[in-house]
Structure formats: C-alpha cells, structure tokens
Amino acid sequence: MAEPSMTLVIDAVLCHLCFGGNMETSGSTANRRPLKSRTTWWAGLVTRAALASGISANGMSVLGVLIAGLGAAALVYAQDMPWLFLVAAVCVQLRLLANMLDGLIAVEGGRGSPTGAIFNEFPDRLEDSLFLVAAGYASGFGWLGWLAALLAAVCAYVRLLGGALGFPQDFRGPMAKPHRMAALTVGCLVAAFWLPAIQIALGVIAAGTALTIALRLTRLSRALQP
C-alpha cells in the first residue's frame with residue numbers, strides 16, 4: 001500500500017472530524033466510544049430528563065465546557081483552599097456525564113445536527129486541556145499539566161487519524177479519556193487532604209497517555225501493512 005502524503009493525511013483527519021463518521025447526524029455508532037454506562041438504568045433516567053428539558057446535543061457539549069471551566073477555576077485556587085479539589089472532582093465527573101449525554105441526546109433522542117461531529121470532538125479537547133493545565137498549576141508543576149494536555153490532544157489525534165485512514169477508531173487505553181479523568185478524580189479527592197496526590201496523578205496521566213499513543217500508533221501501523 002502506498003504511503004499517503006502528510007497533506008492528504010491531515011486533510012483526511014479534518015474531513016473525518018468535520019463531516020465524516022458523524023454519529024450525531026448519521027446515527028452510526030461504529031466510531032462511538034464504548035461505554036457500559038450508556039445502558040444503565042440511571043443513564044436512561046438522566047437522558048429522559050435531558051430530553052424533557054429540550055436541550056440539544058450541541059448544547060450539552062457546550063455545557064460540558066462550562067463545567068470544565070468551573071472545575072479548572074476550582075483547581076487554580078485549590079492550593080489555598082484544598083476543599084476546592086473536591087469541587088474539581090465533582091466537575092470532572094459532571095463533565096464526563098455531559099460527554100455521555102450529548103451522544104445519547106443525538107443518537108437515541110434524535111437531536112443531532114450537521115455540526116454534531118465538531119461539537120462531539122472539539123469541546124472534549126478544550127475540556128481535557130482546561131482540567132489538566134489547571135491541575136498542573138494546582139500541583140505546583142505547571143509544565144506537567146501542559147505536558148499532560150498536549151499528550152491528551154495527540155492521543156485523540158491518533159485515534160482520529162486511524163478513522164480518517166478507514167479503520168475503526170481506537171478508543172483503547174491504558175490511558176484513554178475515561179482513564180485520564182478517573183485518575184484525575186482520584187488525585188483531586190486525595191489532594192484535598194494530601195497535596196502531592198495531584199502531582200502523582202498528573203505524572204501517571206502523562207506517562208499512561210504517552211504509552212497509549214505509542215500503542216495506538218503501533219496498532220495502526222500494523223493495520224496499514226499489506
């Protein structure tokens with residue numbers, strides 16, 4: 001198989017992100033992150049409540065960014081007020097809930113839009129960066145937060161690259177988005193009582209995300225072999 005040029009690869013990724021594989025407009029779930037929580041009774045209850053409120057899938061995605069902004073603000077001031085780490089932990093989980101609900105509202109609720117693929121991905125990248133960069137400053141090691149945020153963005157890029165090249169998107173870890181947010185939640189909960197926990201959590205996130213990038217690239221390279 002001939003190797004695609006870098007320009008073609010970048011164009012393919014952008015095309016895939018903005019137009020192709022849009023689970024919110026086409027109803028396809030082939031490139032949908034596998035989440036067991038979608039089938040739980042409480043997910044159905046919350047989805048029905050969200051649908052009853054009239055909120056759109058894109059609106060839920062925007063709400064996720066606002067929640068992440070609140071959580072990031074809590075982290076920035078958490079060194080002086082450690083109880084804010086608990087607020088940040090709650091915001092991390094609410095962000096994940098919003099991320100799940102936007103897809104449920106779009107697919108199960110039929111409220112997708114032509115711009116759904118953009119709202120499905122771009123807010124996620126903002127939310128990751130808000131939480132991780134702020135956590136870096138909360139830990140006293142700003143560079144570590146920026147590093148974790150950069151690696152999270154690259155990890156998502158590699159996933160989308162595989163989809164743009166015609167393969168199912170690879171959501172596997174060991175440090176995909178749900179794993180990163182789980183580690184950050186635990187770090188925040190413990191940091192409310194022991195500050196070094198947030199430093200350890202960020203180190204684990206950065207190292208685990210780097211490993212995830214390497215594994216995804218390895219699997220993608222093997223899939224491209226004739």
Side-chain angles (χ1 to χ4, degrees), residues 6-35 38 50 55-73 75 88 91-136 145-165 167-173 175-181 184 205 209 212-213 216:
M6 181 57 67
T7 301
L8 289 176
V9 169
I10 294 174
D11 287 345
V13 171
L14 292 175
C15 183
H16 178 81
L17 175 59
C18 299
F19 304 103
N22 181 1
M23 70 180 187
E24 298 192 355
T25 56
S26 68
S28 169
T29 58
N31 284 318
R32 196 179 188 189
R33 187 182 300 275
L35 293 175
R38 285 197 190 98
I55 192 169
S56 67
N58 290 354
M60 184 60 70
S61 297
V62 172
L63 180 59
V65 176
L66 295 177
I67 292 170
L70 177 61
L75 284 168
C91 287
V92 170
Q93 292 305 305
L94 288 177
R95 172 259 171 124
L96 291 176
L97 179 60
N99 290 169
M100 180 185 72
L101 284 174
D102 63 1
L104 288 171
I105 292 170
V107 178
E108 279 77 2
R111 293 185 185 172
S113 76
T115 57
I118 297 175
F119 278 86
N120 186 53
E121 284 291 339
F122 187 65
D124 261 2
R125 308 290 72 78
L126 289 177
E127 292 158 13
D128 271 348
S129 296
L130 283 169
F131 275 122
L132 295 173
V133 171
W146 283 101
L147 175 62
L150 174 62
L151 290 170
V154 173
C155 193
Y157 171 81
V158 173
R159 168 175 58 79
L160 286 168
L161 177 60
L165 292 174
F167 302 103
Q169 291 187 32
D170 189 352
F171 292 98
R172 288 172 287 182
M175 197 57 73
K177 180 184 75 175
H179 310 122
R180 291 193 296 270
M181 293 300 102
L184 183 59
I205 289 170
T209 305
T212 301
I213 292 169
R216 287 183 180 180

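Taking each heavy atom of Q169 and G163 in turn, the nearest pair found is CG-CA, 4.0 Å. In plain terms, the two heavy atoms of D102 and S61 that are nearest each other are OD2-OG, 2.9 Å. The minimum heavy-atom distance linking A88 with G71 is given by the pair CB-O, 3.9 Å. Nearest heavy-atom pair across M60 and A50 is CE-CB, 4.2 Å. Residues L130 and G69 share a closest heavy-atom pair of CD1-N, 3.9 Å. The two atoms that bring A57 and I105 nearest to each other are N-CG2, 3.6 Å, heavy atoms only.
A distance of 12.5 Å separates CG in L63 from CG in N58, rounded to the nearest 0.5 Å. Taking CG of L96 as the start and NZ of K177 as the end, the distance is 6.5 Å to the nearest 0.5 Å. If you take CE on M181 and CG on D128, they are separated by 4.5 Å, rounding to the nearest 0.5 Å. To the nearest 0.5 angstrom, D170 atom CG is 11.5 Å from L160 atom CG.
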Using the salt bridge (Lys or Arg N to Asp or Glu O under 4.0 Å) rule, take E121 and R159 through it: C-alpha gap first, then chi angles, then the decisive distance, then the call.
CA-CA 11 Å; E121 284 291 339; R159 168 175 58 79; 3.0 Å; yes
Begin with the C-alpha distance, continue with both residues' side-chain angles, and end with the deciding distance and a verdict on side chain to side chain contact (heavy atoms under 4.5 Å, CB included) for F131 and L184.
CA-CA 9 Å; F131 275 122; L184 183 59; 3.7 Å; yes
Carefully, step by step, assess T212 and R172 under the rule side chain to side chain contact (heavy atoms under 4.5 Å, CB included).
CA-CA 8 Å; T212 301; R172 288 172 287 182; over 6 Å; no
Worked check of side chain to side chain contact (heavy atoms under 4.5 Å, CB included) between E127 and N99:
CA-CA 10 Å; E127 292 158 13; N99 290 169; 3.1 Å; yes
Could you check L97 against M100 for side chain to side chain contact (heavy atoms under 4.5 Å, CB included), going step by step and ending with a plain yes or no?
CA-CA 5 Å; L97 179 60; M100 180 185 72; 3.8 Å; yes
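Side-chain atoms of R95 come within 3.5 Å of backbone atoms of D124 as a donor-acceptor pair (strictly under, hydrogens ignored). Remark: the backbone N or O of I118 is not paired with any side-chain donor or acceptor of T115 at under 3.5 angstrom. Using a distance-only test at 3.5 Å, with no hydrogens or angles considered, no donor-acceptor pair links the side chain of R180 to the main chain of T209.
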